[in-house]
Amino acid sequence: MVLHYSNPLRFLCFFFVLIFSFNLKHISVFAEDNSEVLNSCNEDLSTFLPVPFGNISTNLGCYRIWNTFILRFSQDEKHVVNIILSTEYTNGWVGIGFSKDGTMVGSSAMVGWISKLDRAVIKQYYLRGYSKSEVIPNKGELPLTNIPPAIVVYGAKIYLAFQLKFDDHLSEQSVILAFGSATPVHSKLSKHDDKTTIRFDFSRGAQAASSQNATAVKPPNIGNMKRSHGALALIGWGVMLPAGTMVARHYRHWVRKWYFLHTFIQLVGFLIGLAAIVSGKVLYDRAHINFAAHRGIGIFVFILTILQVLAFFVLPDKDSKIRRYWNWCHHWFGRIILVMGVVNIGIGSCGEDGDCSFGLISFPILIIVYLTCTILEIVSCFGANKRKHVEDISDPSVEVNQF
C-alpha cells in the first residue's frame, strides 16, 4: 500500500495527537488554605444555634465545600451525624441534598429559607423529578432523628442544622448543593440559580476545626466544568469539523492547499473534541453525572472520529483498487460524525437537569454554521449545473431546442 502525500506530516500529526492525549489525562484539584474559612470555622455556634447543635461546635469538622458554603459535621460511634450548613444569605432558599448516584432525581434534601413574613422555615424535600410539582415538601428518605432541624440567620449568613441516624458509619457520600433567589411560596421551590454535586468524605474527622490546621477543600466547580465541556464540544464537533468538511467539498480548486488545510482543521477539531471527551469523563467521575443518551452518542461519535484519524495514516494511492472503498468509508463516517455530533451537542445543551441555558449560545452558533454549509451546497450545485449547461451548449453533438 502506497501512502499519498507527505509521510513526515502524518508522523508529526500522529506524534502531536499522542502527546496531547496523554497530557489531557492529568487533571487535578488542589486544596487551599483560606483564612476566611478559618475564621468561619472558629465561630462560637453556641451563641445562636439551639441545643444540641450549638453545644457540639468544638467537635465539628469544618470545610468549605462550594463558593461560600461551609459544611460542619460530627459523627459518633452510634452513627449519629450532626450537619450544619452555612452560607452567605440575603433572600431566597438554600438547600443540601443526599444522592445515591450523584444526580438530582431520587435524592432527598433539606431546604431552608426566611419567608416574606420573616418566619424561619426548614423542610425535607423529595426530588422525584425536575418540575416544581415533582419537588415534594415534607417527604424524603433522610433518616432524621427526633431532634428538630434548625434554621438561623446570624449576621450575613444562614445556618441549616439537622441530625441524621444511619445504620452504618457514613463515609463518602454524593452531596447536592443549591440555592435560589426567589422566596418559596406555599413551600414551592423556585428553580435554582446555581447548583453543584460533590463527593464528600464524612469519615475525614474534625481536624479542620483546629486553629493551626484549618484547611478549605476546594471542590471542582461542576457548573464551570459543564460549560467548559460544552464549549469544547461545540468548537470541536460543531464548528471545526464542519469547517474542515466544507474545505474538502468546495475548495478543491486550491490544488494541494485544500488537502493540507482540510487535514489541519480536522486535526484541530479532533483534539478539541478529545478534550471535550476527557472533560466529560471527569464530570462523570467526580460529579457522577450519568446523562445516558448524551454519553452514549458521545462515545459513538468519538469512536468514529478515532477511525477517521487512523484512516488518515493508511490513505491508499489514487491508483489503488481499494481507494474507492476507503473514500466511501471516509465520506460516510464523516457525514455520520457531523450529524450525530450536532445532535449530541443539542442534547447536551439542555443538560441532565433540563437546564437549557447553554443552548442560548450553542443553538445560534450551530444554526449559523449549518446554514453556511447549506448555502455553500446550494451555490455549489447551482454552479455545477450552470457549468454542465454551458458545456452542453458548446458541444456540437448536443441538440439544443430553440423556442
Side-chain angles (χ1 to χ4, degrees), residues 20 24 27 66-67 92 102-105 130-131 176-182 190-197 219-247 265-302 304-305 334-377:
F20 191 85
L24 279 172
I27 299 175
W66 179 51
N67 295 340
T103 61
M104 169 184 166
V105 176
Y130 295 114
S131 64
I176 299 175
L177 303 162
F179 65 90
S181 57
S190 61
K191 182 177 175 58
H192 55 74
D193 289 2
D194 199 3
K195 72 175 182 67
T196 190
T197 303
N221 189 318
I222 301 301
N224 286 342
M225 291 175 66
K226 283 184 177 181
R227 286 186 284 272
S228 298
H229 170 68
L232 290 169
L234 177 62
I235 296 171
W237 281 317
V239 177
M240 298 300 294
L241 294 190
T245 302
M246 291 303 102
V247 168
I265 293 175
Q266 299 303 77
L267 177 62
V268 172
F270 166 74
L271 293 176
I272 297 175
L274 178 60
I277 289 289
V278 173
S279 64
K281 180 66 167 58
V282 172
L283 274 171
Y284 178 75
D285 290 341
R286 295 186 177 176
H288 295 266
I289 297 175
N290 187 14
F291 195 3
H294 181 66
R295 185 166 175 255
I297 296 175
I299 292 173
F300 174 70
V301 171
F302 182 61
L304 291 184
T305 309
R335 293 182 180 110
I336 294 172
I337 289 170
L338 292 182
V339 172
M340 298 304 294
V342 72
V343 168
N344 208 32
I345 293 171
I347 294 174
S349 293
C350 283
E352 85 287 354
D353 56 359
D355 181 6
C356 296
S357 58
F358 186 74
L360 297 175
I361 300 173
S362 64
F363 292 149
I365 293 176
L366 291 175
I367 290 172
I368 292 172
V369 170
Y370 279 83
L371 182 61
T372 302
C373 294
T374 302
I375 293 173
L376 286 173
E377 288 293 320

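Numbering starts at 1 and runs along the sequence shown.
- Between Gly341 and Val301 the shortest heavy-atom distance is N-CG2, 4.1 Å.
- One finds the CG atom of Leu274 at 7.5 Å from the CD1 atom of Ile277 (value rounded to the nearest 0.5 Å).
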Intermediate values then yes/no, side-chain contact (heavy atoms from CB on, under 4.5 Å), Leu366 and Leu234: CA-CA 8 Å; Leu366 291 175; Leu234 177 62; 3.8 Å; yes

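- You'll find the side chain of Gln266 reaches within 4.5 Å of the side chain of Leu241, heavy atoms only.
- Rounding to the nearest 0.5 Å places CE of Met246 at 11.0 Å from CD1 of Ile265.
- Residues Phe358 and Arg227 come closest through the heavy atom pair CE1-O, 4.1 Å.
- Atom OG1 of Thr196 is separated from atom CE of Met225 by 9.0 Å, given to the nearest 0.5 angstrom.
- At a threshold of 4.5 Å between non-hydrogen side-chain atoms, the residues Thr197 and Thr103 do not count as touching.
- Of all the heavy atoms in Met104 and Tyr130, the pair that sits closest is SD-CD2, 3.7 Å.
- For Ser357, the side chain to side chain donor-acceptor pair (under 3.5 Å) partners are Asp355, not counting sequence neighbours.
- Contact between Gly269 and Met240 at its shortest, heavy atoms only, is CA-CB, 3.6 Å.
- Between the side chains of Ser362 and Ser349, a donor-acceptor pair is found at a separation under 3.5 Å.
- Closest approach of Ile365 to Ile361, counting heavy atoms only: CG1-O, 3.3 Å.
- Distance check, rounded to the nearest 0.5 Å: CD1 of Ile345 to CD1 of Ile235 gives 10.0 Å.
- Between the CG atom of Asn344 and the CZ atom of Arg295 there is a distance of 12.0 Å, given to the nearest 0.5 Å.
- Under the 4.5 Å side-chain criterion, counting only non-hydrogen atoms from C-beta, Trp237 is not in contact with Ile272.
- With hydrogens and angles disregarded, a donor-acceptor distance shorter than 3.5 Å links the side chain of His229 to the backbone of Ala276.
- A distance of 4.5 Å separates OG1 of Thr245 from CG of Leu338, quoted to the nearest 0.5 Å.
- Closest heavy-atom contact between Gly238 and Tyr370: O-CE1, 4.3 Å.
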